[in-house]
Amino acid sequence: MIRSALIALVAVWASALTAEQVYEAPQQITPGSCNESGANWAENALQRSLNAPLGLPPVPHPVDNPPTVEKIELGRKLFFDRRLSINRTMSCAMCHVPEQAFVNWELATAVGVEGRSVKRNSPTVINVAYLDALFHDGRDFSLETQYIAPMVASNEMANPSMGWVVSQINRDAEYQAMFDAAFAAPASLNSIGQALGTYQRSLVAGNSKFDRWYYGGDETALGAAEQRGFELFKGEAGCASCHLIGEESALFTDTQFYDIGYGRLREDIRQNPPKTVPVQVAPGVVHQVDFARVKSVSATREADLGRYEVTEETEDRWKFRTPSLRNVGVTPPYMHDGAFSTLSDVLNFYNTGGPNHPEQDSRIRPLGLGDAELAELEAFLNALTSTGLDCLVAEARSQPPDNH
C-alpha cells in the first residue's frame, strides 16, 4: 500500500511540471501608495502593529521590547542589508522577497552564500509576529533570537560569529546614529534582535475576503464557490482541526507539530530517486533529464527528520509545524521543502491520504473529494489573501538595500 501510494504521489508531482501544465507563479505584488506619504511609512507600520487588521488578534509585543518608529526603521535596514553576510551578498530579504509575499517563488529550498543549498523552504514572515514556535521545526521561540542561526549558518549568511557581525555594524556611522536613536547605545546582540523583531511584528496582514465575510459581516465578500469551500474546510476535509478559526480572529494554525506522512515520503524518494527528473528550461519546454546527471552537479540532499532534529525524541520524527494558511495563495512553493508548486498539488496530497505509513497522523486519510470540491476548497484558500500586501512592499522598499 505504501509503495502504490508513493508511486501515485510521485506521478502527481511529475505531472505538475509537464509542458501541458507548466507552473505559473502569482503576479509580483507591486508597491501601492497606501494613501499615505512615503515619509510616514514607519509610523504607519507602528500603528498597524498596535492595531491589528480585521481577522487578526492583537500583536503580542514583548514587555521588554515595546515597538517604536526608530526600531522599525532600524529593523528594516538590517533586514535588507547584504553587507551582514560573510561576502556582503546575502540579506534576510534575499529569501523573504517583499514582492513575493516575503517568500521566494523561484526556489523550492533556500540558497545561501555562494549558492550553498539549504534543505528547507523559506516561509513567509507575514504574520510571523503570532508564532510561538519559529522555523519549520520550532527550534526557536522568539524573533529577538531567531535571526542568529541564519546569520552564522555556513550555508546561509555564513558569518564567522555574531560578535563579528556586531563589530561590523558598530563601525558604520549610519548604524551608529540609528542604534543611538532606537536604543541610546551601540549595537549589541540583544538590540539587533529587538530591532529585527520589531520590524517583523509590523508585517501583519489580515482583512482578506474571508475576514470581511466571516468577521466583518459583509455577506457579499465571499462567493458561493468560496463558501462551499469553507464548509469543506471545516467539515469533510477536516482542515480546521489544525488550521484553527476562532470566534473573533483566526491564525489558521495551532502551531503544533504533526507527522502528516509527507516527511517520510520525501525521505523514501531521497533514498530511492527516480531515473529521470523533469527540468523546465523555458516556459512550456520541459525535458526529462537523467537523475545521475543532475546529481553529479548538485550537493548531496540531506535527510530531514523535522522536529526530531530539535528534540531527538523518537516520537518527533517527520513532524513539522502547522503553517498558517493566511496568504497561502501567494506564498508558493509549499511544504517544508517546497516540493509542491501549486495549491492543487497540496490538495491532491491530502485527498489521497498521504503515503499511509504507520506513524502518520490518523487525520491524514483518503478524503474522496471530487474535482469540483477540490476546486471549491482551493477557491476558499485563495480567499485568505490579504489586502494591504502592496503597502508592506512599499514600506519594505522605502530605502534601497545596503549592498556596497
Side-chain angles (χ1 to χ4, degrees), residues 1-23 106-112 115-122 135-137 155 257-281 286-321 323 332-367:
M1 181 179 293
I2 293 176
R3 178 174 292 275
S4 61
L6 174 61
I7 293 171
L9 286 166
V10 171
V12 168
W13 296 338
S15 69
L17 292 172
T18 62
E20 291 77 23
Q21 195 176 3
V22 175
Y23 166 63
E106 285 79 21
L107 297 174
T109 56
V111 173
R116 299 171 191 171
S117 297
V118 181
K119 66 183 179 183
R120 292 181 183 159
N121 173 254
S122 300
F135 297 99
H136 292 286
D137 56 17
N155 60 348
F257 301 88
Y258 300 103
D259 175 2
I260 63 171
Y262 179 80
R264 171 72 174 271
L265 175 64
R266 293 296 289 162
E267 177 60 14
D268 287 343
I269 294 173
R270 187 186 75 88
Q271 294 185 25
N272 303 283
K275 291 183 179 180
T276 64
V277 292
V279 176
Q280 180 173 307
V281 296
V286 176
H287 297 300
Q288 290 292 329
V289 179
D290 287 344
F291 179 76
R293 179 168 294 183
V294 175
K295 185 178 180 180
S296 70
V297 294
S298 304
T300 301
R301 184 179 159 204
E302 299 179 50
D304 193 338
L305 296 175
R307 181 70 171 163
Y308 173 85
E309 296 181 9
V310 176
T311 67
E312 296 194 5
E313 298 288 344
T314 303
E315 60 268 25
D316 285 334
R317 288 182 304 176
W318 323 116
K319 289 184 177 180
F320 294 89
R321 178 176 51 79
Y334 305 106
M335 313 306 275
H336 71 267
D337 62 353
F340 288 154
S341 296
T342 67
L343 284 175
S344 178
D345 296 337
V346 178
L347 293 175
N348 285 334
F349 170 84
Y350 284 106
N351 197 36
T352 62
N356 194 31
H357 80 78
E359 289 87 22
Q360 82 178 35
D361 193 282
S362 61
R363 287 168 289 186
I364 309 303
R365 68 194 192 286
L367 300 175

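Model, not experiment: these values are computed from the prediction. In what follows, residues are counted from 1 in the order of the sequence shown.
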Asks: When you compare the side chain of Asn121 with that of Pro333, does any pair of heavy atoms fall below 4.5 Å?
Replies: yes
Asks: How many angstroms lie between atom CD of Gln360 and atom OH of Tyr262, to the nearest 0.5 angstrom?
Replies: 14.0 Å
Asks: Give, for atom NE2 of His357 and atom CD1 of Ile260, the distance between the pair rounded to the nearest 0.5 Å.
Replies: 9.5 Å
Asks: Could you state the interatomic distance from CG (Leu305) to CZ (Phe320), rounded to the nearest 0.5 Å?
Replies: 8.0 Å
Asks: Kindly compute the distance separating CG (Leu347) from CG (Leu367), expressed to the nearest 0.5 Å.
Replies: 9.5 Å
Asks: Just list the side-chain donor-acceptor pairs under 3.5 Å for residues 270-277, sequence neighbours left out, or say none.
Replies:
residue, atom, partner, partner atom, Å
Arg270, NE, Glu267, OE1, 2.8
Arg270, NE, Glu267, OE2, 3.3
Arg270, NH1, Arg301, O, 3.1
Arg270, NH2, Glu267, OE2, 2.8
Gln271, NE2, Glu267, OE2, 2.7
Asn272, ND2, Asp268, O, 3.0
Thr276, OG1, Gln288, OE1, 3.0

Asks: Just so I know, are the side chains of Met335 and Asp345 near enough to count as touching, which here means a heavy-atom distance under 4.5 Å?
Replies: no
Asks: Can you list the residues that meet the side-chain contact (heavy atoms from CB on, under 4.5 Å) rule with Val297, with sequence neighbours excluded?
Replies: none
Asks: Taking the side chain as C-beta and beyond, is there a heavy-atom pair between Ile364 and Tyr258 under 4.5 Å?
Replies: no
Asks: Show every salt bridge (charged side-chain N to carboxylate O under 4.0 Å, His left out) that has at least one partner inside residues 289-300, sequence neighbours left out.
Replies: none
Asks: Does any pair with a residue in residues 351-362 pass salt bridge (charged side-chain N to carboxylate O under 4.0 Å, His left out), and if so which ones, sequence neighbours excluded?
Replies: Arg264-Glu359, Asp361-Arg363
Asks: Would you say Lys119's side chain and Thr109's backbone share a donor-acceptor pair under 3.5 angstrom?
Replies: no
Asks: What is the distance from atom CZ of Phe349 to atom CG of Leu265, rounded to the nearest 0.5 Å?
Replies: 6.5 Å
Asks: Return the set of residues passing salt bridge (charged side-chain N to carboxylate O under 4.0 Å, His left out) with Asp304 (not counting sequence neighbours), or none when no residue passes.
Replies: Arg120
Asks: Drop me the distance from Tyr334's OH to Ser344's OG, to the nearest 0.5 angstrom.
Replies: 10.5 Å
Asks: Which atom names give the shortest non-hydrogen contact between Ala299 and Ser117, and what distance separates them?
Replies: CB-OG, 4.5 Å
Asks: Any idea how His136 and His336 line up, ring-wise: parallel (<30°), tilted (30 to 60°), or perpendicular (>60°)?
Replies: perpendicular
Asks: Going by the rule side-chain contact (heavy atoms from CB on, under 4.5 Å), which residues pair with Arg307 if we only count those two or more places apart in sequence or in a different chain?
Replies: Phe257, Val310, Thr311, Asp316, Lys319
